[in-house]
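As structure tokens, the structure follows; a few thoughts come after it.
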Number of protein chains: 2
Amino acid sequence: MIRKFTIGNPIPTDSVVKEIPAAEGSIPYFSINDEGKELSLALEKNDKIFGLGETVRGMNKRGWLYISNNSDDPNHTENKNSLYASQNFFVVFSGDRQFGVYVDTPGKVSFDIGYTKLDKLTVSFEDFDADIYIVDGESVLDIVGQFRQIIGRSYIPPKWAFGFGQSRWSYMTADEVREVADKYQEAGIPLDMIYLDIDYMERYKDFTIDESVFPKFPEFVEEMRKRGIHLVPIIDAGVKIEEGYDVYEEGVEKGYFVKKENGENLVAAVWPGKVHFPDFLNDEARAWFGNKYKVLLDQGIDGFWNDMNEPAIFYTQDHLEEVFDQIEDYKGKNLDVKSFFAFKDLVGSIDNYPEDYRRFYHEYKGRKIRHDKVHNLFGYNMTRAAGEAFERLSPDKRILMFSRSSYIGMHRYGGIWHGDNHSWWSHLLLNIQQMPAVNMCGFLYTGADIGGFGSDTTEDLLLRWTAFGIFTPLFRNHSAMYTRRQELYLYENVPVFRNFVRLRYALIPYLYSEFMKAALNDRMLFKPLCFEYNDDRSACVEDQLLLGESIMLAPVYTQNAEGRYVYLPEDMKLVRFRAFDDYDEEVMSAGDHYVRARLDEILVFVRKGHVLPLAKPEKGMDAVDASDISFICCDAEPESYELYTDDGESRI
Amino acid sequence: MIRKFTIGNPIPTDSVVKEIPAAEGSIPYFSINDEGKELSLALEKNDKIFGLGETVRGMNKRGWLYISNNSDDPNHTENKNSLYASQNFFVVFSGDRQFGVYVDTPGKVSFDIGYTKLDKLTVSFEDFDADIYIVDGESVLDIVGQFRQIIGRSYIPPKWAFGFGQSRWSYMTADEVREVADKYQEAGIPLDMIYLDIDYMERYKDFTIDESVFPKFPEFVEEMRKRGIHLVPIIDAGVKIEEGYDVYEEGVEKGYFVKKENGENLVAAVWPGKVHFPDFLNDEARAWFGNKYKVLLDQGIDGFWNDMNEPAIFYTQDHLEEVFDQIEDYKGKNLDVKSFFAFKDLVGSIDNYPEDYRRFYHEYKGRKIRHDKVHNLFGYNMTRAAGEAFERLSPDKRILMFSRSSYIGMHRYGGIWHGDNHSWWSHLLLNIQQMPAVNMCGFLYTGADIGGFGSDTTEDLLLRWTAFGIFTPLFRNHSAMYTRRQELYLYENVPVFRNFVRLRYALIPYLYSEFMKAALNDRMLFKPLCFEYNDDRSACVEDQLLLGESIMLAPVYTQNAEGRYVYLPEDMKLVRFRAFDDYDEEVMSAGDHYVRARLDEILVFVRKGHVLPLAKPEKGMDAVDASDISFICCDAEPESYELYTDDGESRI
């Protein structure tokens, strides 16, 4: 049962697609403090809080302050309150009670979950306008399922998007891309996608190609397609200000860019230098921008990733001028420590400067609204622009789309990647822990940058991360310019990487089936153990995952480990894969185990009464036809597994 | 057996106090590449590398690049190569071989330990001048013991320094300090020290007191002493440039400050604004600066901490002028992204700017040497200045001293704290993992800032960190200005904190005995399991510690955990402390266990054949007299434990 309570006069977000009349009376569970603009909830000792999507810290969110305020911050350390996403749904549950809460408000909102007071959860609003949905149900999974039903079906990518992809910020030429394809081919490591970061564009202009380094682009796309590789270009939120650039000129002419109070288009700077931001919240502007993807679709492109859409702002012209004026006050003076740090901070805080987000306005649903009031909807609506356009431009065929920034509702139009992480072991664990949380909020096609985006990776980290990454829908190795190169063929253990990636392909029948069942039935793909097992111990396991109906994962995420502890809530069959066709099976009893896991091994636990289908990876992404599949069973018959198949590209 | 091999013409560091003639022939184990200025070692599959002191990542250092280049960097994330210390000793061991390596060179040196190539350890030098000590022995502990013998006995603090201390950057007045003492007293939590961060000084001038906020300082010191509290002030490396300030004027007059190429004193800026740095490497300057501590000793102070001695440099006057000149190039221009980031980086990199460390010179052992060549000796010699002076100024009584920056050799003059960590769970684990590594390098009196220095702490983190901190010699809660306050009495679980801190006091007979045995016999206080147990499993345990001869620790270091896995290499007795006089005992068999640990519990494992003595904490730091001690025994008799006692303050 879902009840909706309305506080104040909320700005609609279009995240909920099912009409639910506002309930009368007070919000259950919570007490309301109008003056303090907050809702609060007394936490019971055993209450656990799961959800909130893409945030820092563990699965149980208790013990920290989370602030929904989409931020371009590449240092996802434990002290951060905001990352790229606002996914304001969570479930409170203990042995005694369970309920879900969705806080639907497009501006900044804080969740103090036992941070200030151990036993108090407080939701604080900048503007006290929100729809609060309270979801009651029989179990956590029931609650999540009910919630997912009202927000609409999750985005479904083409099946080829479940292949392995290689990316790096700094593939500067078509020949560099060809080299990546060649080297993967030589290494015998399957590859379905190569991602193009900002370097393919002409001076970072959306929907352009730098012909000097990527000549004859449609032919290049076709050449790569013949090799089985989809090129997936990035699209950024900012439109370069440049005379003669059609997107810029049209946007100006039609008034589709966000404007300052005085009506002038906001001048900000991102990769291209100075840009205007399209007003994705304006229906017409959104449709216009979405149609621009046709430029690349027409060249054979069938997948994209939307970036910088919090939006990231390197600087605004207005603020940069203020800064240079203020620098004058420091020059030639005898700077004491206070004034020195004020000077440093003045320059250090130019990018993503909070005041800049109050300098511009949207035309949203017929009203002029200052950006900060609807800040968390920006990336969502950029991706919605694309998703809505793809339905028009490619009515039959699915198009790959995922985004950095998000809000619930965007899950209908695209997936997400988990942002600019680092080559840290702690971020491999964060990747593991975020998977169920984003699933709860409707985001199924997701994955983190395997090996880590920022910082220099290490071969053992890359091995362990790939060993987990083969299970995530978005399976992409991505790294930043200036960091150690991260393509798998560059390392010593090429045969191991080959076995790992091939195992991914062997798992496609299972992964695709489970993904589709989750999408079509509003279920989760990745679940914490305690969503299915009610024992006390399962409730505290933060580093194991149930994936689909058949398997449990217990990834190794610490350096120099030769194994790890695993908790089995029931008897399971451990499958120790060295390769898709080289593995041992061992039935293990419920309880605690220390399990060895070498760098060249991937452990999969098949749940009792369940079946894991395996294809032959030589067949690549086409192996999902139900022929020639083998089955690993744990107290179950092969035929008990329901394999989902479709053509992998028609819209559903 | 220790052999010394000399490469090039090394600058002496005074870290080794035993005369060892240089050996002939080539360095065992390593191959040498003169041109590449590097030594390399083929790693065997099972080789583990422990040591390198205060660095990031786990106990086994394999898989990362560590650079000894003392750095003031408060973000100890996994990707950092350098922290505050250079402790260039490590041990390589597997089932088949073991040896220790000490790389004695005062400049920058890199340790690539299976980072570039999984099976290769490379030591790279900026200047190819070093003494390389190769230590062979029967066991890792034997090797560490031999090494510790040649570097001289570790610093021994007064016994009161094993009490609990409270610190915070921002105790602005004597009354604030009194309030801290009062509140701890009211809460019934023992407290032996309150630390004074930079705010006690008059405009951050070393050896001054701001009389306006700390009036009648000697009386205040006495007042606090009567309450059982030692005030422990901070001393910074930079001396404020201010007419009339005696330390500045004397230093200038005598030429004791570091100088630029042209002979002028370097003008840098730290907390006081512009400063000169004393040339601690110059014997006369060092003696002069050391004598200045007398100013505070004479006011009743008997403990200090030396900070900012990498040295941290906010800016140098010369570089700041360069920066302001260069800013002109950006002003009013249409900054593209490249130039914008260049501008941001220009300002962002002002502090601890690498070039600044090549702008000044030392007079060291009769030679003028550019700073970067001896960079890693700076903090060491600041603390040596204090340590040598204390021997003159306080010949009978030990003085508390610990430092942020260090190099091996400094361990004879003071302890260290583990630098400006954060309120991160990962830094609690880092604290655990660094303890044995710094012990290997001679640093016994150490501890991290409990609860975390930077970022906002949480109550559960503070509970768990305190539960570990009660075992570390330096047991100090410290936090930064602007972060959430961290004094224990401010939280909900005061009774639990009280029990924890009292347990620390009950453990003093054991902790002090074990510390003194380690110091007097060149042993380690904290050991990884594998230093005593030879089984395969012990070799991979990175989150448990042996502490002294009798106990093993398995701290909880993850949020919302209700327990943790523990590996017992042999039968042990688990003592589950809720308080020093409220605990359960349970003998557990060798092997793997999942052990519950509530937030109000501290687990101690007493090793088989060993004894843990416990005092009554009501008696505070005086409880170590051997009367009224109880014993928790695991297959052993109380009298088998050798209690070390002394008066706790006489020099030994």
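Only heavy atoms go into these numbers, but all of them, side chains included; no hydrogens, no water, no symmetry mates. Numbered from 1 within each chain, the chains take letters A, B, ... in sequence-line order.
From A/Ile350, atom CD1 reaches atom CZ of B/Phe343 across 4.5 Å, with rounding to the nearest 0.5 Å. The structure places OH of A/Tyr565 at 8.5 Å from NE2 of B/His593, a figure rounded to the nearest 0.5 Å. Separating the CG atom in A/Asn81 from the CG atom in B/Asp456 is a distance of 7.5 Å, to the nearest 0.5 Å.
Neither the backbone nor the side chain of A/Asp345 comes within contact range of chain B, judged by heavy atoms closer than 4.5 Å. Of the two parts of B/Lys338, neither the backbone nor the side chain holds a non-hydrogen atom closer than 4.5 Å to a non-hydrogen atom of chain A. In this structure, chain B has no heavy atom under 4.5 Å from any part of A/Leu65. Contact of A/Tyr204 with chain B is not made at all, since no heavy-atom distance falls under 4.5 Å. Of the atoms belonging to B/Tyr491, not a single heavy atom falls under 4.5 Å from chain A. Residue contact with chain B, scored on non-hydrogen atoms closer than 4.5 Å, involves the backbone of A/Ser423 exclusively.
Contact between A/Trp425 and B/Arg57 at its shortest, heavy atoms only, is NE1-NH1, 3.6 Å. Minimum heavy-atom separation, A/Arg484 to B/Thr116: NH2-O, 3.2 Å. In plain terms, the two heavy atoms of A/Val337 and B/Val270 that are nearest each other are CG2-O, 2.6 Å.
Remark: side-chain polar atoms of B/Asn560 are paired, donor with acceptor, to backbone N or O of A/Arg62 under 3.5 angstrom. A donor-acceptor pair is defined here as one N or O able to donate and one able to accept, closer than 3.5 Å; such a pair exists between the side chain of A/Glu492 and the backbone of B/Leu118. Side-chain atoms of B/Lys344 come within 3.5 Å of backbone atoms of A/Gly348 as a donor-acceptor pair (strictly under, hydrogens ignored).
For the pair B/Ser455/A/Glu78, no side-chain contact is recorded, criterion being any heavy-atom separation below 4.5 Å from C-beta on. The side-chain heavy atoms of A/Thr77 and B/His422, taken from C-beta on, include no pair separated by under 4.5 Å. Between B/Gln559 and A/Lys61, every side-chain heavy-atom pair lies at or beyond the 4.5 Å cut-off. Annotation: side chain of A/Leu335 is in contact with side chain of B/Leu320 (closest heavy-atom distance under 4.5 Å).
Counted within 6.0 Å of NZ on A/Lys117, heavy atoms from surrounding residues, nucleotides or ligands total 12 or fewer; the atom is thus considered open.
In summary, the side chains of B/Glu542 and A/Thr558 do not present any donor paired with an acceptor at a separation below 3.5 Å, with no hydrogens or angles considered.
A salt bridge links B/Glu562 with A/Lys48: the closest approach of a Lys/Arg side-chain nitrogen to an acidic carboxylate oxygen falls below 4.0 angstrom. Note on B/Glu328 versus A/Lys331: salt bridge recorded, some NZ/NE/NH1/NH2 to OD/OE distance being below 4.0 Å.
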Take B/Asp336 and A/Arg203 through the test side-chain contact (heavy atoms from CB on, under 4.5 Å) and record every step on the way to the result.
-> CA-CA 11 Å; B/Asp336 66 8; A/Arg203 276 169 288 164; over 6 Å; no
Take A/Asp592 and B/Asp592, measure what side-chain contact (heavy atoms from CB on, under 4.5 Å) needs, and give me the verdict at the end.
-> CA-CA 8 Å; A/Asp592 295 299; B/Asp592 296 300; over 6 Å; no
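Of the residues considered (A/Ala269, A/Gly58, A/Cys540, A/Ser339), A/Cys540 shows the highest number of contacts with chain B, using heavy-atom pairs under 4.5 Å. When each of A/Asp460, A/Asp351, A/Val323 is checked for heavy-atom pairs under 4.5 Å with chain B, A/Asp351 comes out on top.
Between A/Phe340 and B/Tyr315, the gap from one ring centroid to the other is short of 6.0 Å. Here A/Phe314 and B/Phe341 bring their ring centres to under 6.0 angstrom of each other.
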